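Structure record follows, encoded as structure tokens.
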Amino acid sequence: MSQQHYQRIWQTVLQIPAGKVASYGQIADLAGLPGRARLVGKALGYAPEQLAVPWFRVLRSDRSLAFAPGSDTANLQRQLLLAEGVLLKNNRVQQQDIWQPDLAELLFKLRY
DNA sequence: AGCATGACGATCT
DNA sequence: GAGATCGCCATGC
């Protein structure tokens with residue numbers, strides 16, 4: 001897949017504010033890539049460290065973490081979210097912690 | 001080209 | 001909510 005798509009995904013994820021989370025599908029939609037939720041996960045895995053993309057603020061549409069419960073990655077994600085005040089209950093975040101961006105403002109910042 | 005594999009998602013039970 | 005099923009799309013063998 002093109003770097004262009006990855007770039008858009010990374011830039012979109014960078015817009016998620018601390019203390020909020022978004023789903024893979026939501027990010028795909030906002031990045032102008034509807035139907036490609038799976039590509040978002042892949043892009044996050046390739047994200048350069050230097051860009052400091054908040055990958056831990058992205059999870060599934062059912063509000064559960066994508067990594068196996070108990071795995072090192074899942075534990076790390078849980079810790080990073082907790083540090084921002086996002087508490088997981090039974091591997092799920094609260095509905096209120098889901099990011100609901102102002103579309104006009106977001107599109108302006110991303111200027112697609 | 002065919003098939004399996006995912007940091008996924010919507011829908012039904 | 002949990003589990004099963006099917007759809008989706010990019011990748012790699």
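Side-chain atoms are counted along with the backbone in the values below, which use heavy atoms only and exclude waters and symmetry mates. This one's a predicted model, so the numbers in the text were calculated from it and none came from an experiment. The chains referred to below are lettered A, B, ... by the order of the sequence lines, with proteins before strands, and numbering in each begins at 1.
If you take NZ of A:Lys42 and P of C:dG12, they are 7 Å apart, rounded to a whole angstrom.
Near DNA chain B, defined here as any heavy-atom distance below 4.0 Å, there are no residues from residues 69-88 of chain A.
Judged as a salt bridge (Lys or Arg N to Asp or Glu O under 4.0 Å), and not counting sequence neighbours, A:Asp72 has no contacts. Every residue meeting the side chain to side chain contact (heavy atoms under 4.5 Å, CB included) condition with A:Pro69, not counting sequence neighbours, appears here in chain and number order: A:Asn91. Partners of A:Glu84 according to the side-chain hydrogen bond (donor to acceptor under 3.5 Å, both in side chains) rule, which considers only residues two or more places apart in sequence or in another chain, are A:Arg57. For A:Glu105, the salt bridge (Lys or Arg N to Asp or Glu O under 4.0 Å) partners two or more places apart in sequence, or in a different chain, are A:Lys109. Scanning for side chain to side chain contact (heavy atoms under 4.5 Å, CB included) contacts around A:Gln100 gives an empty result, with sequence neighbours left out. Residues satisfying the side-chain hydrogen bond (donor to acceptor under 3.5 Å, both in side chains) test with A:Gln95, not counting sequence neighbours, are A:Arg63.
The stretch residues 88-103 of chain A participates, sequence neighbours left out, in these salt bridge (charged side-chain N to carboxylate O under 4.0 Å, His left out) pairs: A:Asp62-A:Arg92. Pairs of residues two or more places apart, or lying in two chains, that qualify as ring-ring contact (aromatic ring centres under 6.0 Å, His included) and include a residue from residues 20-58 of chain A are A:Tyr6-A:Tyr46.
Of all nucleotides in DNA chain B having an atom under 4.0 Å from a heavy atom of chain A, the first and last in 5' to 3' order are B:dG6 to B:dA10.
Looking only at side-chain heavy atoms (C-beta outward), A:Val13 and A:Pro54 come within less than 4.5 Å of each other.
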Between protein and nucleotides 1-8 of chain C, map the contacts as a letter string: B base, S sugar-phosphate only, - none, heavy atoms under 4.0 Å, written 5' to 3'.
-> SS----BB
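Using modelled atom types, one side-chain atom of A:Trp10 and one backbone atom of A:Ala43 make a donor-acceptor pair closer than 3.5 Å.
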